[in-house]
Every structure is written in structure tokens, then in C-alpha cells.
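So the structure is just underneath, and the comments pick up after that.
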Amino acid sequence: MPRSLKKGPFVDEYLLKKVEEATGSGSRRIIKTWSRRSTILPEFVGHTFAVHNGRKFLPVFVTEDMVGHKLGEFAPTRTFYGHAGDKKTRLKGKKK
């Protein structure tokens with residue numbers, strides 16, 4: 001369920017402060033954050049965030065299409081190793 005329009009999008013205050021500082025100074029440094037729950041605002045476009053996925057920080061370059069989404073959507077937390085049934089068909093196709 002979406003957040004109330006009356007309240008506006010949720011962004012952690014410290015993250016908004018870091019973006020404003022980076023924009024004011026013209027810095028292109030990566031902004032490191034654990035805040036996966038923060039909504040991407042138009043002010044974030046053009047900045048690179050290092051979003052924590054539980055193990056490491058993944059770089060996320062923000063474009064216009066990402067506005068309105070959450071930062072965590074672009075840093076997956078689970079590693080997909082493939083389906084269990086694929087091993088059998090892969091081995092069957094390889095013959096020495």
C-alpha cells in the first residue's frame with residue numbers, strides 16, 4: 001500500500017542532507033547508505049549511491065526513470081544460482 005500523498009515521499013533526513021551537500025559542492029563522490037527504504041527524489045538524479053544489500057555495498061547510479069522507486073529495489077539481497085533442474089539438462093547436452 002502506498003504512502004499517503006499528504007505526508008509525501010519518505011527519505012531519511014541524513015541522506016537528503018548528504019545529497020544537498022554533494023549538489024552544492026558539485027562533488028561526484030559516491031554516497032554510501034544503508035537506507036534502502038528511502039524514496040528516490042528528483043534531486044537524486046545524476047548521483048551515485050552505494051546501497052547496502054546485507055553483505056556489501058552495490059553502486060546505483062540514479063536516472064530519471066528511477067524517481068519514485070525505493071533505493072533498495074536496485075540492490076538485490078538474494079543471489080540467484082539457477083534452477084535445480086537445469087543441471088541435468090546442461091550435463092546431458094555436453095558430451096566429450
Side-chain angles (χ1 to χ4, degrees):
M1 186 182 313
R3 187 172 161 94
S4 170
L5 291 175
K6 177 175 62 175
K7 293 181 183 180
F10 175 82
V11 180
D12 276 327
E13 290 296 322
Y14 82 93
L15 187 61
L16 196 56
K17 186 176 172 184
K18 282 185 178 183
V19 170
E20 288 172 358
E21 288 175 4
T23 304
S25 67
S27 175
R28 286 287 162 206
R29 294 187 54 151
I30 294 177
I31 300 170
K32 198 173 185 181
T33 183
W34 282 264
S35 179
R36 299 171 55 85
R37 63 188 181 164
S38 292
T39 305
I40 297 174
L41 301 177
E43 293 86 27
F44 294 4
V45 174
H47 291 282
T48 303
F49 293 89
V51 183
H52 197 254
N53 73 347
R55 185 173 51 152
K56 59 184 177 180
F57 289 91
L58 300 178
V60 175
F61 179 74
V62 178
T63 61
E64 289 181 20
D65 297 332
M66 296 178 180
V67 173
H69 291 271
K70 305 284 186 178
L71 280 172
E73 293 180 45
F74 304 101
T77 57
R78 294 178 174 93
T79 307
F80 178 69
Y81 292 111
H83 296 289
D86 286 350
K87 291 179 188 175
K88 194 184 298 182
T89 56
R90 243 185 301 144
L91 293 176
K92 192 175 184 181
K94 285 186 180 179
K95 292 194 177 190
K96 294 183 180 180

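Small disclaimer: the values here were computed from a predicted structure and weren't measured.
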(message) Before you tell me yes or no, could you show the steps for Phe49 and His52 under ring-ring contact (aromatic ring centres under 6.0 Å, His included), namely the whole-Å CA-CA distance, both residues' side-chain angles and the distance that decides it to 0.1 Å?
(response) CA-CA 9 Å; Phe49 293 89; His52 197 254; over 10 Å; no

Point-to-point distance, once rounded to the nearest 0.5 Å, from [atom1] of [X] to [atom2] of [Y]:
X: Asn53; Y: Leu58; atom1: CG; atom2: CG; answer: 4.5 Å
X: Leu15; Y: Glu20; atom1: CG; atom2: CD; answer: 10.0 Å
X: Ile31; Y: Glu21; atom1: CD1; atom2: CD; answer: 9.0 Å

(message) Test of understanding: clusters of I, L, V, M, F, W, Y form through side-chain heavy atoms closer than 4.5 Å, transitively. Do Val62 and Ile30 belong to the same one?
(response) no

(request) Quick one: which residue pairs count as a side chain to side chain donor-acceptor pair (under 3.5 Å) with a foot in residues 27-36, not counting sequence neighbours? (result) Asp12-Ser35, Tyr14-Thr33, Ser35-Ser38

Let me have the donor-acceptor pairs involving side chains of residues 66-78, under 3.5 Å, with sequence neighbours excluded, atom names and distances please.
residue : atom : partner : partner atom : Å
His69   : ND1  : Glu73   : OE1          : 3.0
Lys70   : NZ   : Arg37   : O            : 3.4
Lys70   : NZ   : Thr39   : OG1          : 3.1
Glu73   : OE2  : Lys70   : N            : 3.0

(request) Using a 4.5 Å cut-off on heavy atoms from C-beta on, say whether the side chain of Phe44 contacts that of Val11. (result) yes

(message) For a 4.5 angstrom cut-off between non-hydrogen side-chain atoms, does Val51 reach Val60?
(response) yes

(request) Please indicate whether Arg55 has more than 12 foreign heavy atoms, meaning atoms of other residues, nucleotides or ligands, lying under 6.0 Å from its CZ. (result) no

(request) Measure across Arg3 and Gly8 and return the closest heavy-atom pair with its distance rounded to 0.1 Å. (result) NE-O, 2.5 Å

(request) List for me each residue that meets ring-ring contact (aromatic ring centres under 6.0 Å, His included) alongside Phe61, sequence neighbours excluded, and say none if there are none. (result) none

(request) Output, in order, the C-alpha distance, side-chain angles, deciding distance and verdict of side chain to side chain contact (heavy atoms under 4.5 Å, CB included) for Glu43 and Thr23. (result) CA-CA 8 Å; Glu43 293 86 27; Thr23 304; 5.9 Å; no

